[in-house]
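Here's the structure we're looking at; comments come further down.
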Amino acid sequence: MIISLLQKIPVLIVGILLIVGALTIYFRSKNVTKAEFVKILKATKFLQVGILIFLVLFTGVFGVLNHIESKHFVSAVVSLNYSEASLAQNSNGTRYNMSEIICDEVIEKAIEKGALEDVTVKELKECLSVYPYVQGDVNDKANYHISTEFVVEYYASKHTEHLNSENVIALIASAYKDYYIEKYTDNFSLTEQEEKPDFTKMEYMDIVTYFNKETTSVLNYLYGMAEKGSSFVTENDTTFNSIAGKVFQFKETQIEQNLKSLILQHGIAKDKSSYIDRLAYQNKNTDFDKQKNYVSFNLCNDAIDMYSEEMTRVVLVPTWDGSGKYYMGRTKVGVDELSVLATGFSDSVASNNKEIMDNELIINKIKSANTNASANAQADALIELIDKSIDNFTTEAIKAGREYSNYTMNQCIAVSITGASLFRELKAVAAFALLTYAALLLISISKKFPKF
Amino acid sequence: MKKNKRITKKSVRVIRFFIISLIFIGIAASITILGCNYLENQNFKETFYCVSSLKVNNKIRVIQISDLHNASFVNDSKLVDRIEKLKPDVIIYTGDMVDSQTTSDDAVVKLCKTLANVAQSYFIYGNNEVKKNYDGPLTQENLDKKFGFNDDNRDPKKLLEMTDDFAKNLENAGVKVLKNSQDTITIGATTVDIYGVLTSNPSSFWSYAGESYNKFINENVSNLKIMAIHEPIVFEKYTPDTWGDLMLAGHTHGGLCKIPFIGPLYTTEGGILPARKGCYVYGRYDVQGRPLIVNSGLENSNFFRINNQPEIVIVDINKF
């Protein structure tokens with residue numbers, strides 16, 4: 001603050017000298033003729049030792065003060081480089097808010113990151129301002145503009161002048177990037193992290209179901225990521241689709257073919273009677289569903305039969321397309337809706353049948369099988385292997401996801417800082433020197449004019 | 001003719017006036033700049049960098065100190081105080097902390113000892129430490145001559161078997177000295193391999209550090225790899241697939257004087273205007289897709305170090 005005032009004093013003095021000199025010449029020139037005026041000007045020595053010494057000293061003082069003062073102001077441009085930014089959204093689709101760049105949380109993080117001393121969040125916040133780089137006009141459609149670039153300005157106050165301005169703005173930018181990524185980007189979790197079940201206490205077929213669920217969740221994650229970045233290639237030269245292909249292949253061969261067929265082939269179960277009871281109970285429930293679906297299916301067919309022939313005809317309605325051309329549109333009639341429902345119920349009956357038959361197959365296999373310790377051991381080993389492989393696939397999928405996020409989000413927020421520039425300082429010093437020289441010269445010339 | 005003569009005389013006077021004015025303005029500007037820089041160089045600045053690596057599971061902060069040359073900051077309590085407050089996970093000294101002209105290294109060892117209590121510290125020799133402790137630059141020619149090696153019988157271990165008092169003092173102070181060797185530490189949930197180069201001269205890098213460097217790069221690839229070296233010239237001369245996840249270097253003193261629009265003025269290896277020749281002089285560079293940070297160092301006794309404040313570098317390594 002004091003420096004800011006001190007820096008203005010030399011400028012003020014030079015300004016006053018310039019005005020005083022010019023006014024003195026103006027008023028005193030009335031006491032001389034035009035020829036005398038020209039003579040005085042011609043006789044003026046432009047290089048005077050006194051002026052030059054004063055010029056050097058004065059410019060030196062100004063230069064030092066200007067140098068210190070120029071360090072107090074820094075600005076940065078924060079650019080949002082992700083596709084949703086052009087819709088004024090965060091990367092997760094929520095509304096973007098530029099004031100978050102200098103929100104309390106970000107400033108607090110910046111203070112902590114830079115170990116900034118003797119400054120509070122409030123004091124630092126007062127020195128910061130943020131506004132869009134290009135201001136649009138919401139009232140004029142032609143000038144409507146969604147800014148993806150924001151200027152953050154920092155002007156040190158008396159509470160913050162001890163801090164390095166460039167560091168402050170760099171820390172704010174870095175803290176904002178951390179804040180943004182934590183709040184708005186992927187957290188890389190595939191599913192709700194549940195505790196792994198104890199396989200020793202689970203039935204073999206339940207383990208198969210669990211593995212299928214796990215691999216499906218990895219596959220869904222990978223397909224989701226592939227939709228976002230189908231052409232993205234990881235550091236290991238894989239894509240989301242190629243990893244998904246591997247997982248799918250693994251699911252089909254290791255889980256469905258190897259593990260499931262091993263269990264079915266040998267009819268192995270940990271507690272045969274209770275597992276058979278459970279499957280039988282499941283079959284009973286499924287059979288109820290099957291009967292319900294079957295009745296619904298028949299009901300739909302009966303309703304279709306009740307329609308008169310005229311009602312089942314296709315109904316054409318005149319309408320027009322997007323370009324205004326007329327065409328005849330086919331509308332759905334009641335029969336269509338009922339036949340769709342009937343197909344659905346028929347599919348459900350088939351699915352219920354399959355489930356019942358599958359369970360019966362398992363029950364029969366278990367009933368007919370003798371205790372086979374080696375098959376159990378083989379299944380246990382396979383389960384361990386599959387579990388490890390699924391873990392590896394999960395890690396690989398998350399790694400690829402992270403890599404993709406890194407690829408897309410690394411430059412999601414780019415910051416360019418404009419700090420004190422030596423060239424700008426030199427320009428200011430040179431301008432001040434010229435102004436000082438002109439002022440001193442005017443004062444010197446003004447003394448040569450007679451007072452009366 | 002008379003008129004022409006008068007015009008010529010006037011022109012000469014005007015030109016002379018402008019030249020003298022410019023000289024005076026130049027003097028004023030130079031005094032200002034040198035004065036300001038002298039004052040500025042009495043303090044160090046903190047330069048923050050953010051780098052990202054997928055290998056990082058938690059945020060890691062590395063503080064790099066370089067090229068102190070036994071300068072005034074060696075006894076500056078502010079340096080220690082700031083480093084303590086910045087809470088680094090690792091401190092890496094990238095060489096030339098001592099000056100080959102000075103006789104005692106005690107102040108540097110004392111500083112390193114104090115900072116070793118703040119965070120795990122690693123020291124990499126620069127050309128000044130090498131000159132003091134190995135009697136000259138570690139070029140391949142010098143080393144081969146010293147050990148009687150040729151291309152067929154070269155044994156890099158011989159060089160590493162050499163010990164010196166400075167290294168011993170540092171080790172006693174709790175600082176690990178990395179001479180063509182690496183150390184592995186765990187920071188939070190991240191395992192970090194730090195490799196320090198002794199033979200940073202391009203001629204001897206591959207022949208004397210190649211084996212250990214390849215081991216560092218190719219083993220435990222999931223660990224975060226930080227490569228610390230004094231002279232960044234190796235990165236200019238060679239282009240392997242990767243140098244690591246983060247490279248730290250010093251030596252250049254930021255090119256001594258940074259001229260606006262033109263760049264750094266001078267380095268020993270790059271000569272005049274080294275940045276224009278593609279040399280790594282100051283700041284952050286992208287080398288094979290990974291960040292290289294060249295520290296301008298803490299040396300502040302050079303009067304012509306202009307627009308180039310002494311610095312310590314703080315590198316925050318994040319997932320992004």
* To do: Of all the heavy-atom pairs spanning Asn167(A) and Thr47(B), show the shortest one and how long it is.
  => OD1-CA, 4.4 Å
* Contacting region of Leu426(A) [heavy-atom separation from chain B under 4.5 Å] -> side chain
* Residue pair Lys113(A) / Cys50(B): nearest heavy atoms and the distance that separates them -> NZ-SG, 4.1 Å
* With a cut-off of 6.0 Å (strictly less than), are more than 12 heavy atoms of other residues, nucleotides or ligands near CG of Asp241(B)? -> no
* Asked: For Lys39(A), does the NZ atom sit with more than 12 other heavy atoms under 6.0 Å from it, leaving out its own atoms?
  -> no
* Asked: With a cut-off of 6.0 Å (strictly less than), are more than 12 heavy atoms of other residues, nucleotides or ligands near NZ of Lys78(B)?
  -> yes
* chain A contact via Leu86(B) - side chain, backbone, both or neither, heavy atoms under 4.5 Å -> both
* Asked: Is there a donor-acceptor contact under 3.5 Å from the side chain of Asn164(A) to the main chain of Glu46(B)?
  -> no
* Structure fact -> If one checks every heavy atom of Phe58(A) against chain B at 4.5 Å, the contacting part turns out to be neither
* Structure fact -> If one checks every heavy atom of Asn37(B) against chain A at 4.5 Å, the contacting part turns out to be neither
* To do: Let me see the working for Glu112(A) and Lys59(B) under salt bridge (Lys or Arg N to Asp or Glu O under 4.0 Å), right down to the final yes or no.
  => CA-CA 13 Å; Glu112(A) 196 193 322; Lys59(B) 286 171 193 167; over 6 Å; no
* Just wondering, more than 12 heavy atoms not from Glu100(A) lying within 6.0 Å of its CD? -> yes
* Asked: Lys258(B), Glu40(B), Lys45(B): which one forms the most heavy-atom pairs within less than 4.5 Å of chain A?
  -> Glu40(B)
* Asked: Would you say the side chain of Lys177(A) lies within less than 4.5 Å of the side chain of Ser52(B), judging by non-hydrogen atoms?
  -> no
* **Atom pair CG (Asn318(B)) and CD1 (Ile181(A)), whose distance is rounded to the nearest 0.5 Å** => 8.0 Å
* Structure fact -> When rounded to the nearest 0.5 Å, the distance separating OG1 of Thr59(A) from CD1 of Ile27(B) is 11.5 Å
* **chain B contact via Leu171(A) - side chain, backbone, both or neither, heavy atoms under 4.5 Å** => side chain
